[in-house]
Peer 1: 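Input: one structure, supplied below.
Heads up: numbering here begins at 1 and tracks the sequence.
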Amino acid sequence: MPALPPPSSDSIHRHDRTALRVIGVLALVGAAAALIGAVVSALLPVLSDQGLTVELLLAPGATVGDHAELAPAIRSITPESAVVTLEASTLSGGAVALLLIERALSGIIATVVGAALGYTLLRIARGEAFHRSLFAVTVAVGAALSIGTILAVGLGGLGRMMAAFELNELLGGERFLPGFTADPTVVLIGFAVLGLAYVFRIGERLQRETAGLV
């Protein structure tokens, strides 16, 4: 019984293949840029004079307009959102590490998503929409969006809690509260992508099983 040839890029219109390849390459470039940005964002506050930005909340009744009182621990502050820029050495190593890990994780998540998108589009352009590697790629994206986001939010929230406590102790009063926001949308999308991974696996199995049919 003759076997059917595997799906090829010939089944995709030439212009569509070109568009998929261009978008795929752009996604890979974006992933590389996100990775570089994550490294720079995590290292600059420690290795340069840029300062570390921390998003906190103002304690009820707190006023922070007197910069002379806050200096030199705090370089600047935006009262509306309590975005504080300070020397990294002002906080403990643990608080700084948690805040920088949150930044790094956000960049890594963007890198994983961009790289996976680019890789998937290039596979589709080659007529390999159900290539076996796409299961692992999709699982990686789902895990990054769900587990990675939970870790980033949790570690960042703990870092801001430590920063608020340490700054309040430094300033001799309750001026700041930890700013903590959590949007479950990205996490839910991550779990949805994990489910999509099994669609790729089922499609790859069906493609393999029907390869010998006429």
Peer 1: Rounded to the nearest 0.5 Å, what separates atom CD1 in I109 from atom OG1 in T149?
Peer 2: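 If I round to the nearest 0.5 Å, the distance is 4.0 Å.
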Peer 1: Mind running side-chain contact (heavy atoms from CB on, under 4.5 Å) on T120 and V137 for me, showing each step along the way?
Peer 2: CA-CA 8 Å; T120 302; V137 169; 4.1 Å; yes
Peer 1: Of all the heavy-atom pairs spanning G142 and S146, show the shortest one and how long it is.
Peer 2: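 Heavy-atom minimum between the residues: O-OG, 2.6 Å.
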Peer 1: Quick one: closest heavy-atom pair of V54 and A163, and the distance?
Peer 2: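 Taking every non-hydrogen atom into account, CG1-CB, 4.2 Å.
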Peer 1: With side-chain contact (heavy atoms from CB on, under 4.5 Å) as the test, would you mind laying out the steps for L91 and L167 before giving the verdict?
Peer 2: CA-CA 8 Å; L91 302 177; L167 286 176; 4.2 Å; yes
Peer 1: To check you understand the geometry: which heavy-atom pair defines the closest contact between L28 and Y119, and what is its length?
Peer 2: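 Taking every non-hydrogen atom into account, CD2-N, 4.1 Å.
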Peer 1: Output the distance between atom CZ (F165) and atom CG (L170), rounded to the nearest 0.5 Å.
Peer 2: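 Nearest 0.5 Å value for the CZ-CG distance: 11.5 Å.
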Peer 1: Can you give me the closest heavy-atom contact between M162 and S92, atom names plus distance?
Peer 2: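 Smallest heavy-atom distance, with atoms named: CE-OG, 3.9 Å.
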Peer 1: Would L105 and L155 count as a side-chain contact (heavy atoms from CB on, under 4.5 Å) if you check the C-alpha gap in whole Å, the side-chain angles of each, and the deciding distance to 0.1 Å?
Peer 2: CA-CA 10 Å; L105 280 175; L155 294 177; 4.2 Å; yes
Peer 1: Quick check on the hydrophobic clustering: are V113 and I189 connected, directly or via other members, by side-chain heavy-atom contacts under 4.5 Å?
Peer 2: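 V113 and I189: one cluster.
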Peer 1: Using the rule that two of Ile, Leu, Val, Met, Phe, Trp, Tyr join whenever any of their side-chain heavy atoms come within less than 4.5 Å, decide whether I150 and V139 are in one cluster.
Peer 2: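 Yes.
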Peer 1: Might you point out which heavy atoms bring G114 and A31 nearest each other, and give the distance in Å?
Peer 2: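 That closest heavy-atom pairing would be C-CB, 3.7 Å.
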Peer 1: Distance from R160 atom CZ to E102 atom CD, nearest 0.5 Å?
Peer 2: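 Interatomic distance, R160 CZ to E102 CD, rounded to 0.5 Å: 4.5 Å.
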Peer 1: Supply the atom-to-atom distance L122 CG to R21 CZ, rounded to the nearest 0.5 angstrom.
Peer 2: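 Here the rounded value is 8.0 Å.
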Peer 1: Going hydrophobic residue to hydrophobic residue with side-chain gaps under 4.5 angstrom, can you get from L99 over to I108?
Peer 2: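 No, it is not one cluster - the side chains of L99 and I108 are not joined through contacts under 4.5 Å.
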Peer 1: Rounded to the nearest 0.5 Å, what's the gap from CD1 on I147 to CG on L151? Could you check?
Peer 2: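 Going from the CD1 atom of I147 to the CG atom of L151 covers 7.5 Å.
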Peer 1: With side-chain contact (heavy atoms from CB on, under 4.5 Å) as the criterion, how do R103 and L52 come out once you've worked through the C-alpha distance, each side chain's angles and the decisive distance to 0.1 Å?
Peer 2: CA-CA 11 Å; R103 290 187 179 188; L52 179 63; 3.7 Å; yes
Peer 1: If Ile, Leu, Val, Met, Phe, Trp and Tyr residues are connected whenever their side-chain heavy atoms lie under 4.5 Å apart, and connections chain through other members, are L26 and V141 in the same group?
Peer 2: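 Result: no, two separate clusters.
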Peer 1: In terms of hydrophobic clustering (I, L, V, M, F, W, Y; side-chain heavy atoms under 4.5 Å; direct or indirect links), are I23 and I124 co-clustered?
Peer 2: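 Yes.
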